[in-house]
Protein chains: 2
Amino acid sequence: MARFTHPRLEDVPLDLALHALADPNRLEMVARLAAAERLRCSDAAPCDAIPKSTLSNHLKLLRAAGLIETTQVGREMINMLRRSEFDSRFPGLLDAVLANRPA
Amino acid sequence: MARFTHPRLEDVPLDLALHALADPNRLEMVARLAAAERLRCSDAAPCDAIPKSTLSNHLKLLRAAGLIETTQVGREMINMLRRSEFDSRFPGLLDAVLANRPA
DNA sequence: TTTAATAGTTCGGGAATATTGAACCTTTGG
DNA sequence: CCAAAGGTTCAATATTCCCGAACTATTAAA
């Protein structure tokens with residue numbers, strides 16, 4: 001019954017977006033999603049040491065920040081970056097953040 | 001005896017910088033500093049409703065993120081943005097954030 | 001030279017957030 | 001139908017944040 005709610009980008013405040021990106025784990029997840037189009041939750045994980053519930057919570061935050069969209073496919077939750085929408089809302093922001101991400 | 005410690009920009013992680021910017025009050029303060037060169041703490045405040053101790057704490061965070069430099073002059077603490085240093089460390093980041101700041 | 005005011009910092013405790021183990025829900029394979 | 005896979009939700013713990021009260025340092029006034 002897991003249905004997700006996605007905000008309209010115009011309703012996402014800058015602070016929320018920045019806060020979502022201001023975490024090493026979430027940023028890594030965003031980077032993976034930026035490189036991969038669509039990923040299951042477990043594949044979007046920044047590492048395997050992170051608990052499932054924490055991962056789920058991070059994804060929820062990224063959704064609330066308008067960064068990702070999640071849809072259920074079978075028993076998997078497929079995540080994808082809302083890149084063009086996010087870029088329209090905050091021009092240049094995601095590029096700048098990703099470009100400055102540590103190697 | 002208030003002497004402040006400023007990090008080398010190379011020691012500032014991206015997450016810390018983003019976290020510092022991911023707060024409406026602090027972002028407003030950064031914007032004011034970006035427009036004014038040098039400001040006393042009370043003049044850098046985002047509004048007058050904010051308690052002194054909270055303000056002081058915000059400034060401490062901005063310092064730790066390498067965003068501002070504080071020096072004591074008489075009984076005032078003068079703050080200025082470390083713009084060029086920050087820009088060298090995180091190219092395009094501050095510009096992108098400031099450009100997307102709400103009106 | 002006291003005294004008082006200005007400009008902030010620091011400390012401590014309550015409020016708000018984050019993390020995560022355990023229990024749970026759904027879908028699919030056998 | 002039963003068990004496993006893939007996640008979510010809940011609740012308890014841990015962490016972080018906010019702000020009043022007390023404090024420090026510098027300057028102005030008396």
Side-chain angles (χ1 to χ4, degrees), chain A residues 1-7 12-13 15-30 32-33 36 38-65 67-80, chain B residues 1-7 12-13 15-30 32-33 36 38-65 67-80:
Chain A
M1 58 119 262
R3 160 128 269 155
F4 302 104
T5 157
H6 300 94
V12 175
D15 321 277
L16 189 60
L18 287 175
H19 179 255
L21 295 169
D23 173 278
N25 288 324
R26 285 192 296 266
L27 187 49
E28 171 68 26
M29 293 167 74
V30 168
R32 291 187 182 218
L33 285 162
R38 19 181 65 243
L39 290 178
R40 307 182 326 176
C41 295
S42 48
D43 290 338
C47 61
D48 17 345
I50 190 169
K52 285 197 302 178
S53 53
T54 301
L55 180 60
S56 188
N57 197 48
H58 282 321
L59 289 165
K60 187 191 210 168
L61 258 167
L62 291 177
R63 267 193 303 273
L67 276 160
I68 66 172
E69 182 185 342
T70 307
T71 59
Q72 179 165 6
V73 175
R75 60 187 156 184
E76 302 182 344
M77 309 300 167
I78 301 299
N79 303 282
M80 42 198 297
Chain B
M1 64 116 267
R3 159 127 270 153
F4 302 104
T5 157
H6 300 94
V12 175
D15 320 277
L16 189 60
L18 287 174
H19 179 254
L21 294 169
D23 173 275
N25 288 324
R26 284 192 296 265
L27 187 49
E28 171 68 24
M29 293 166 74
V30 168
R32 291 184 182 221
L33 285 162
R38 20 182 61 243
L39 290 178
R40 306 181 327 177
C41 295
S42 48
D43 290 338
C47 62
D48 17 344
I50 190 169
K52 284 196 303 178
S53 54
T54 301
L55 180 60
S56 186
N57 197 47
H58 283 322
L59 289 165
K60 187 190 211 168
L61 256 167
L62 292 177
R63 267 192 303 273
L67 276 160
I68 68 171
E69 181 186 342
T70 307
T71 59
Q72 180 165 6
V73 176
R75 59 187 157 184
E76 302 181 345
M77 309 298 167
I78 301 299
N79 304 281
M80 43 198 296

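Throughout, protein chains are lettered first and strands after them, A, B, ... in sequence-line order, and every chain is numbered starting at 1. Remember, predicted model here, so these are calculated numbers, not experimental data.
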Taking side-chain contact (heavy atoms from CB on, under 4.5 Å) as the definition, give me every residue that meets it alongside B:P51, ordered by chain and number, with sequence neighbours left out.
B:S53, B:T54

B:L39 CG - C:dG8 C1' separation (whole Å):
15 Å

Length of the CD-C1' vector between A:Q72 and D:dT8, whole Å
11 Å

By nearest heavy atom, map B:V73 and A:C41 onto DNA chain D; which one lands nearer the 5' end?
A:C41

May I have the distance from A:L59 (atom CG) to C:dT19 (atom C1'), rounded to whole angstrom?
15 Å

Contacts of B:D43 meeting side-chain contact (heavy atoms from CB on, under 4.5 Å) (sequence neighbours excluded), chain-then-number -> B:L39, B:R40

Specify the separation, in whole Å, of atom CD of B:E76 and atom P of C:dT6.
13 Å

Apply side chain to side chain donor-acceptor pair (under 3.5 Å) to A:R75 and list each qualifying residue two or more places apart in sequence or on a separate chain.
none

B:H19: which residues meet the side chain to side chain donor-acceptor pair (under 3.5 Å) condition with it, sequence neighbours left out?
none

In this structure, CG of B:N25 is separated from CG of B:N57 (nearest 0.5 Å) by 11.5 Å

Taking the minimum atom-to-atom distance to the side chain of B:K52, which one of D:dG7, C:dA7, D:dT8 wins?
C:dA7

Return the set of residues passing side-chain contact (heavy atoms from CB on, under 4.5 Å) with A:K52 (not counting sequence neighbours), or none when no residue passes.
none

Taking atom C1' of C:dT27 as reference, at what distance in whole Å does atom CZ of A:R3 sit?
16 Å

Output yes when at least one side-chain N/O atom of B:R75 is less than 4.0 Å from OP1 or OP2 of C:dG8, else no.
no

In whole angstroms, the gap separating C1' of D:dG7 from CZ of A:R40 amounts to 11 Å

Quickly work out the B:L55 CG to C:dA7 C1' distance and round it to whole Å.
11 Å

Figure out the CZ/P separation between B:F4 and D:dT24, and round it to whole Å.
16 Å

Working to the nearest 0.5 angstrom, can you tell me the gap between A:N79 CG and A:L59 CG?
5.0 Å

Can you tell me which nucleotide in C:dT27, D:dT8, C:dT9 comes closest to the side chain of B:S56?
C:dT9

Each nucleotide in nucleotides 16-21 of chain D should get exactly one letter: B, S or -. Can you fill that in based on protein heavy atoms under 4.0 Å?
-SSBBB

